There are 2 protein chains.
Amino acid sequence: MISNIDLQEVHERISSYIHRTPIMTSQYLNGISGAEIYFKCENFQRMGAFKMRGAANAVLNLSEEKRQKGVVTHSSGNFAQALSLAAKSAGVPAYIVMPSSAPEVKKEAVRGYGGEVTECPPTLEEREKAAQKIIDKTGATFIHPSNDLDVIYGQGTAALELMQDQPELDFVITPVGGGGLIAGTALAVHHASENCKTIGAEPFAVDDAYRSLQSGKIEMNETANSVADGLKTMLGDKNFPIILKYVSEIIRVKEPEIIAAMKLIWERMKIVVEPSSAVALAAVLREKEKFKGKKLGIIISGGNVDLQKLPF
Amino acid sequence: MISNIDLQEVHERISSYIHRTPIMTSQYLNGISGAEIYFKCENFQRMGAFKMRGAANAVLNLSEEKRQKGVVTHSSGNFAQALSLAAKSAGVPAYIVMPSSAPEVKKEAVRGYGGEVTECPPTLEEREKAAQKIIDKTGATFIHPSNDLDVIYGQGTAALELMQDQPELDFVITPVGGGGLIAGTALAVHHASENCKTIGAEPFAVDDAYRSLQSGKIEMNETANSVADGLKTMLGDKNFPIILKYVSEIIRVKEPEIIAAMKLIWERMKIVVEPSSAVALAAVLREKEKFKGKKLGIIISGGNVDLQKLPF
């Protein structure tokens with residue numbers, strides 16, 4: 001059933017809620033990589049990240065009755081903002097559980113997009129308890145940031161657009177965090193092309209997905225010591241089977257490689273991208289021989305960074 | 001004669017040497033300004049700045065005989081790189097005089113684009129002497145970074161493209177440095193529209209153009225104490241008459257306003273722009289009443305910044 005999902009239909013559903021983001025190229029980066037790279041710039045997506053796609057699809061797929069009761073999630077990252085904005089755009093209430101330790105600026109961003117913030121102590125147990133309390137009270141529907149099929153399908157529309165514009169790609173490479181983006185991408189690539197392969201890119205420091213692909217079961221991270229703070233989350237039972245089936249490989253990269261790739265993108269492409277977004281380019285530059293002379297798509301996942309805390 | 005220049009012809013001449021840069025918008029920046037702003041993104045131009053346009057036009061307008069002898073300029077900024085790349089693209093030798101005090105990374109960038117760097121002591125007199133020596137030896141043609149009609153016409157093609165895509169603009173706003181960009185822009189706007197006005201934006205700290213427009217003669221800066229390091233240069237006898245005739249006003253802004261506008265562009269539009277580029281947005285945010293409900297074009301002049309030395 002999953003492999004028969006019509007991503008084109010998903011794309012049509014969310015198209016007025018998202019931007020069709022541009023695809024950029026850099027002669028310089030093509031030169032140093034030896035590959036022909038097409039960057040799908042989700043940093044230019046609404047609220048600054050691909051998460052808007054999955055959030056929009058999840059909200060729009062609710063029945064009228066469920067829409068009226070609202071949506072709830074727990075997140076301190078991009079998904080909190082994405083769900084708030086998607087819900088607001090569709091006239092749906094959004095309840096966002098955030099750890100009290102989250103930066104005030106992030107809470108403000110969620111409120112700015114119309115989300116109602118509920119603070120809780122910073123443990124997973126407390127988060128889930130707080131979300132359940134909201135569900136009991138409002139009847140709102142819980143939407144997981146990455147382990148939800150509607151979210152996964154929505155995220156896949158970035159690669160769908162990329163393959164529409166560049167149908168001859170040999171590889172599409174995305175960062176791997178909670179697994180929503182790469183699972184959706186892998187489905188889109190599988191449907192769009194016989195030959196194109198989906199590859200994941202992950203920091204060595206949080207290589208749970210790499211190890212999960214090796215062992216065949218969902219592994220956890222023991223540390224969270226990476227500059228790519230969007231990639232510290234683990235896979236889930238909805239996205240892992242898709243990843244296992246359709247992702248050909250996960251390439252791991254070192255922290256200095258991520259920072260160097262991020263700096264290259266900022267300096268040469270003149271765009272602001274998150275560290276997580278640079279992980280895919282870092283993988284290409286680490287394994288040049290594999291990609292030499294190939295046509296690559298890279299999903300630039302987002303551009304929400306704290307300019308006061310840049311890693312270079 | 002100047003006002004009869006056919007910028008369309010200039011544009012056709014240089015079109016295979018430059019990118020047609022995208023125009024970006026931001027709902028957020030429209031919201032806080034109350035205006036409808038179209039950003040012409042010359043930070044995505046080849047070598048990262050609008051200077052590529054003027055350099056290309058100057059090089060391509062040379063006779064075959066002059067092309068063989070090459071071009072020479074003195075610059076430590078974007079024009080040194082632009083002239084090198086334009087000349088290389090046209091198969092013309094480029095001799096660049098740079099002060100020995102210029103950062104090694106800038107000399108390397110010029111060499112990377114094929115320019116032959118000649119170092120000299122860091123005074124205007126020594127620069128001119130070094131350039132003259134090269135001219136005497138090679139017969140190369142001197143191209144001034146901003147006070148040269150072919151350069152001015154080339155710079156005007158950014159606004160030409162902008163007005164082609166957005167013919168209904170009320171104002172086009174550019175930063176003012178040496179005067180090449182604003183003079184070319186003013187010519188393009190004058191030819192494209194009856195009603196659209198060209199406005200300059202300049203730091204209070206280096207407000208030579210503001211004072212020149214007041215006094216009717218070219219004024220100099222007494223200090224160079226601005227974060228917008230591209231705007232410290234003075235106007236010249238070729239561009240000043242055009243500015244005097246076709247620029248309706250120059251708005252001055254304070255240093256914190258420039259830095260705040262730059263941060264807004266980076267954070268909200270996810271693009272890397274130079275401090276000089278932010279001066280135009282700073283002017284709009286400083287004089288909101290003037291621009292309320294109007295359609296504005298802003299020329300984002302470039303994106304070449306030192307990521308290690310950001311002002312925020």
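The model shown is predicted, which means the values in this text are computed figures rather than measured ones. Quick note on labels: first sequence line is chain A, next is B, and so on, each numbered from 1.
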side-chain contact (heavy atoms from CB on, under 4.5 Å) between A/V176 and A/V279: does it pass, once the steps are laid out?
CA-CA 9 Å; A/V176 190; A/V279 172; over 6 Å; no

Inter-chain donor/acceptor N,O pairs below 3.5 Å: chain A to chain B:
from	atom 1	to	atom 2	distance (Å)
A/K270	O	B/V272	N	2.9
A/K270	NZ	B/G303	O	3.0
A/K270	NZ	B/N304	OD1	2.7
A/V272	N	B/K270	O	2.9
A/G303	O	B/K270	NZ	3.0
A/N304	OD1	B/K270	NZ	2.7

Minimum side-chain heavy-atom gap B/I299-B/F39 below 4.5 Å:
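Answer no - side chains too far apart.
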
Heavy-atom check, side chain of B/F79 versus side chain of B/M52, under 4.5 Å
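No, side chains not in contact.
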
Mind running side-chain contact (heavy atoms from CB on, under 4.5 Å) on B/L285 and B/L264 for me, showing each step along the way?
CA-CA 11 Å; B/L285 296 177; B/L264 274 175; 3.8 Å; yes

Closest contact, heavy atoms only, A/G70 versus A/V92:
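Nearest heavy atoms, A/G70 then A/V92: CA-CG1, 3.8 Å.
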
Which atom of A/P203 lies closest to which atom of A/L231, heavy atoms considered
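Closest approach of A/P203 to A/L231: CD-CD1, 3.7 Å.
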
Checking heavy atoms, do the side chain of A/M269, its backbone, both or neither come under 4.5 Å from chain B?
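Only the backbone of A/M269 comes within 4.5 Å of chain B.
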
As an exercise: rank A/L307, A/V273, A/V305 by heavy-atom pairs under 4.5 Å with chain B and give me the winner.
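The candidate making the most pairs under 4.5 Å is A/L307.
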
Step by step, would you call B/L162 with B/I23 a side-chain contact (heavy atoms from CB on, under 4.5 Å)?
CA-CA 7 Å; B/L162 174 61; B/I23 294 167; 3.7 Å; yes

